[in-house]
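Scroll down for the structure; my scribbles are underneath it.
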Amino acid sequence: MDFKGFDHPDRQTAGGGTRSVKVMIAGGFGTGKTTLVRSVSDIKPLTTEETLTQASVDVDDLIGVADKQQTTVSLDFGKIGINEELVLYLFGTPGQERFWFLWNGLFKGALGAVVLVDTRRLASSFRAIEEMERQDVPFVIALNVFPDSKDHPVEEIRDALDIPEHTPVVTCDARDRNSSRDVLIALIRHLKARSAVALEPR
């Protein structure tokens, strides 16, 4: 797929037209998926958050996110124009294990994904990474910086998550629009690089 002009927002492709791309925002419970979609979306995002109740205490893993009061029960949806030629439709996945059965449907037609990771709880994103690999969806890892996150070297995180060298690992603040947009641009660059490699003569 041609992403010509994606990293030059003021450049127009000859012939005009807009490409629409479906992108998944995945990760473990409480890693910041809804926050990222909200911060970066050009439209008022659709969210399906519900209040956590006592009924979830023995069902959901609240370790490290004890203050979390709401959770996504279906999906989050947003939209962002990277430039005049490329629009990303963002689909945020639910994080709790009991809603993972929804993932298969959400991944249909996705060109790529962002896996948000909370470095305080690396294990919470293992399942999302495994799903990317199982579905053969190209992805980038975005380390969401929380106030009490420790500063770990990227290569240390890569080793802990068993992420190959060709998979980008970036840091971000999911609350910040520019930071979240930079993550999406990193994904598009990754997809463009993969596309170029696939087209190389053998």
- Message: Return the OG1 to CD1 distance between T171 and I141, rounded to the nearest 0.5 Å.
- Response: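 Reported value, rounded in 0.5 Å steps: 13.0 Å.
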- Task: Any chance you could lay out the side-chain contact (heavy atoms from CB on, under 4.5 Å) test for T31 and R121, step after step, and finish with the verdict?
- Result: CA-CA 9 Å; T31 54; R121 303 179 298 118; 4.1 Å; yes
- Task: Mind listing the closest non-hydrogen atom pair of V140 and L187 along with its distance?
- Result: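 Answer, listing the atom of V140 first, then L187: CG1-CA, 3.8 Å.
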- Between T93 and G27, which heavy-atom pair has the shortest distance, and what is it? OG1-N, 4.1 Å
[X] (side chain) donor-acceptor with [Y] (main chain) under 3.5 angstrom:
| X | Y | answer |
| --- | --- | --- |
| N144 | L116 | no |
| K22 | F107 | no |
| R181 | I80 | no |
| R158 | P164 | yes |
| S41 | K79 | yes |

- Quick check: are there more than 12 heavy atoms from other residues, nucleotides or ligands sitting under 6.0 Å from CG of D162? no
Do [X] and [Y] come close enough that some side-chain heavy atom pair is under 4.5 Å?
| X | Y | value |
| --- | --- | --- |
| R127 | E130 | yes |
| D76 | I25 | no |
| V115 | L161 | no |
| D182 | C172 | no |
| V114 | K33 | no |

- Item | R177/D42 salt bridge by N-O under 4.0 Å criterion | yes
- Message: Apply side-chain contact (heavy atoms from CB on, under 4.5 Å) to residues V40 and L88 and explain how you reach the verdict.
- Response: CA-CA 11 Å; V40 82; L88 306 185; over 6 Å; no
- For D176, which residues count as a side-chain hydrogen bond (donor to acceptor under 3.5 Å, both in side chains) partner, sequence neighbours excluded?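 Checked D176 against side-chain hydrogen bond (donor to acceptor under 3.5 Å, both in side chains); zero matches.
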Show which side-chain atoms of residues 146-153 pair as donor or acceptor with protein atoms under 3.5 Å away, not counting sequence neighbours.
unit_1 : atom_1 : unit_2 : atom_2 : d
D148   : OD1    : R120   : NH1    : 2.6
D148   : OD2    : R120   : NH1    : 3.3
S149   : OG     : F146   : N      : 2.8
S149   : OG     : F146   : O      : 3.2
H152   : ND1    : E156   : OE2    : 3.1

- Item | side-chain contact (heavy atoms from CB on, under 4.5 Å) between D118 and F29, worked out | CA-CA 9 Å; D118 179 351; F29 181 49; over 6 Å; no
